2 protein chains.
Amino acid sequence: MPTSKDVARLAGVSQSTVSYVMSGRRPISEKTRKRVEDAMAQLAFQPNAGARALASRRSQVIGLAIPFVPDLHRGSMMGFISVIAASARQSDYDILLVTDDEGPQGLERVVGQQLVDGLIIMQVEGDDARVPVIRNLPVPSVLIGIPEKHEGLKCIDADFELAGQMCVEELAKLGHETVTLVNWQDAVVRRRVNYVKRFHHGVDKAGAATGAKIIHVPGRATIAGMEKAVANALEQTKGVPAFIAPEAANQDLLVEALNNLGLVLGKDVSVVVNCSDSLAERQRIPLTTIDFEPDQVSRRVVQMIVHDLTEPTSRSHEALELIRPVFKHRKSTIRPRPQR
Amino acid sequence: MPTSKDVARLAGVSQSTVSYVMSGRRPISEKTRKRVEDAMAQLAFQPNAGARALASRRSQVIGLAIPFVPDLHRGSMMGFISVIAASARQSDYDILLVTDDEGPQGLERVVGQQLVDGLIIMQVEGDDARVPVIRNLPVPSVLIGIPEKHEGLKCIDADFELAGQMCVEELAKLGHETVTLVNWQDAVVRRRVNYVKRFHHGVDKAGAATGAKIIHVPGRATIAGMEKAVANALEQTKGVPAFIAPEAANQDLLVEALNNLGLVLGKDVSVVVNCSDSLAERQRIPLTTIDFEPDQVSRRVVQMIVHDLTEPTSRSHEALELIRPVFKHRKSTIRPRPQR
DNA sequence: TTGAAAGCGATACCAG
DNA sequence: CTGGTATCGCTTTCAA
């Protein structure tokens, strides 16, 4: 493999000139630049990453901490990862994976070995063991998800509060007087992921603002449980029922339960789902869907970390960015006829 | 950050001794080893990856070429990735992502920059642009998936031929005389992924061996199309119908189509699916599932590449490893009563 | 069993 | 605008 020395020799310049041609950190005459570039092309030169990292003290690699994910979220996770990797390349960074089962020490390792210049932490939960660790790490990082204590951290997430709000407003505007929120399943709630709370908050807030009555029913993992929950909600419902099912795992069940109770979606009942893995498309069911452009989060997170990595000034100041959700398939919700 | 020099000083030994303690490449007296290890712990020393790579000419990083995946396969893809990353760590390797949208040159780049010691290529298709590239790369690589021309390459994949065979044998053994294979959808077939062909081959072979009649119907993307295909198959069916639906995208549709035609799964008709993203669990539908342990492939692929990377002798000889599928939920297929 | 010292292949400072 | 050279932190001969 040719080295920059070889390039220098062939181009008849010094090694440092070759380096400066690559980095552009000092003016080079058009003539020598051309000679160097030709030599590089001729030798198919590629700079040695290790040597570069050693000398420059930057690896041009970003560590990506991926969570251990239960089946359901895997699809979306994958989307994040590939978009993050692709966007990172656009800024001349590579992505190194840090798996969860190495524990938070994994983060200390890749930073300690100076393998990475910064970190992106995915799926941050309310009380995440990785958070205290990254606080003490000498590299910038950006979190996807918002931990309980996030002072001084850069976080980005979908705006779940707004999502909850929008769901209720949508239904209230159509004329629904009662809206049932099917909660996340217990396993998720117990993980204390912050977004559950935030979604609830948005729902309740919009309920108060619009006057819609909000019924909360727990997320159930079985169809029987779901049917009971739904029946229960229907009893307390005034007018045409409406449901909000933010968790993907519940959506199939809710749809099935409503079917079993003889309610036709988009006709007898409105359903709004969130974060749907394209349930609407997949099953061709009339649902209103509220969702986030996942790529938007991914690209933004890379922007943020790259900014911290390249901006020489201003060490990582706190930041909290929320991505706005959007409606899709919106026509399938119904406008109840006035009930009296 | 402390360097090995600092460790050496603190331990009162030379820098080379520190290095040898870490690598174990030469005997060290118990006494000095202890002194060095203590010093390392005391300083929380971590070796600088760039320097190490530069000096040793090995980065301890494996490049993982991830494909651009359509939604459906994303979940399983994610499983591969995290298991690969975790297993790699067990052998002291890290994983660097190489996205597809950098093209095959992405592979040349990471190898050329000596960022990686070897490559794992995911989702290799029948005629894959990356294959000719890696052939000329000076590092070992392992492919997941089997390209048309694979002489001299190390490949690993699920044994789709055997899977096809097992599906038919299962149904034939139960007494089905006619078996309908619902093919992959056109988009997949056109990509010339090898496994489609291999699955077919297994199905036909087992059909011939068992005497079961095999009907092929094309994979359809719409429910109407699927219903027609199913109806068509039923006309040609003798005895109790049985279906094999290897592609996940078709499975929902097939189940729905059968429902619409009034056929009850596990009672009027047997269905065997393959590569199911746990459709059976998700929908609680009585299906027999044949599947692969995805983790098995992932772990094996890491073993293979690590072997090539550490075995000083024997440069990458060709290899083709097929992972055996297994049945799940098997009881839901039916044993047809003798028809005359 | 250990130490000294010469690289590995870039970067970046100091001169000119 | 360009060249010489010290340096980054570790590995690995060569000598003892």
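Chain naming here is simple, since letters A, B, ... match the order of the sequence lines and numbering starts at 1 in each. Because only heavy atoms are used, hydrogens play no part in the values below, and waters and symmetry mates are left out as well, while side chains stay in. Source: prediction; values computed, not measured.
- For the pair A:Ser16 and D:dG4, the criterion of a side-chain N or O lying under 4.0 Å from OP1 or OP2 is not met.
- One atom, CG of A:Asn48, and another, C1' of D:dG9, lie 14 Å apart when rounded to the nearest Å.
- If you check C:dA10, C:dG3, D:dC10 against the side chain of B:Val13, the one that comes closest is C:dG3.
- Using a 4.0 Å heavy-atom cutoff across all strands shown, A:Gln46 reaches sugar-phosphate atoms only and no base atom.
- A side-chain donor from one of B:Ser14 and B:Thr17 sits under 3.5 Å from a side-chain acceptor of the other.
- One can place CG of A:Asp117 at 15 Å from C1' of D:dC8, the figure rounded to the nearest angstrom.
- Rounding to whole angstrom units, CD1 of residue B:Ile28 and C1' of D:dT12 are separated by 13 Å.
- Between B:Phe160 and B:Tyr195, the ring planes lie parallel to each other; the angle is under 30°, not in the 30° to 60° tilted range.
- The side chain of B:Ser14 has C:dG3 as its nearest neighbour among D:dC10, D:dG3, C:dG3.
- A salt bridge is defined here as a Lys NZ or Arg NE, NH1 or NH2 lying under 4.0 Å from an Asp or Glu carboxylate O, and B:Lys34 with B:Glu30 fails to meet this definition.
- Taking only side-chain atoms of A:Leu54, from C-beta outward, the nucleotide of D:dC8, C:dT2, C:dT11 with the closest atom is D:dC8.
- At least one side-chain nitrogen or oxygen of A:Arg57 sits closer than 4.0 Å to the OP1 or OP2 atom of D:dG9.
- Using a 4.0 Å heavy-atom cutoff across all strands shown, A:Ser23 reaches no nucleic acid atom at all.
- With C:dG3, C:dG9, D:dG3 as the candidates, the nucleotide lying closest to the side chain of A:Thr3 is C:dG9.
- Toward the 5' end of DNA chain C, the nearer of the two residues B:Lys31 and A:Ala55, judged by each one's closest nucleotide, is B:Lys31.
- For A:Ser19, a side-chain nitrogen or oxygen approaches OP1 or OP2 of C:dT11 to under 4.0 Å.
- Taking the side chain of B:Arg26 as heavy atoms from C-beta on, and the options D:dG9, D:dC14, C:dC8, the nearest nucleotide is D:dC14.
- Residue-level contact check: B:Thr17 touches the backbone only, with heavy atoms under 4.0 Å from sugar-phosphate atoms and none from bases.
- Computed from coordinates, the B:Gln15 CD to D:dT13 C1' distance equals 15 Å when rounded to whole Å.
- Salt bridge B:Arg109/A:Asp94: present, at least one basic N to carboxylate O contact under 4.0 Å.
- Considering only side-chain N and O atoms, B:Ser29 lies under 4.0 angstrom from the phosphate OP1 or OP2 of C:dT2.
- Between A:Thr32 and D:dT2 there is a side-chain N or O to OP1 or OP2 distance below 4.0 Å.
- Between D:dT12 and B:Arg25, a contact under 4.0 Å exists linking OP1 or OP2 to a side-chain N or O.
- Side chains of A:Thr32 and A:Ser29: a donor on one and an acceptor on the other come within 3.5 Å.
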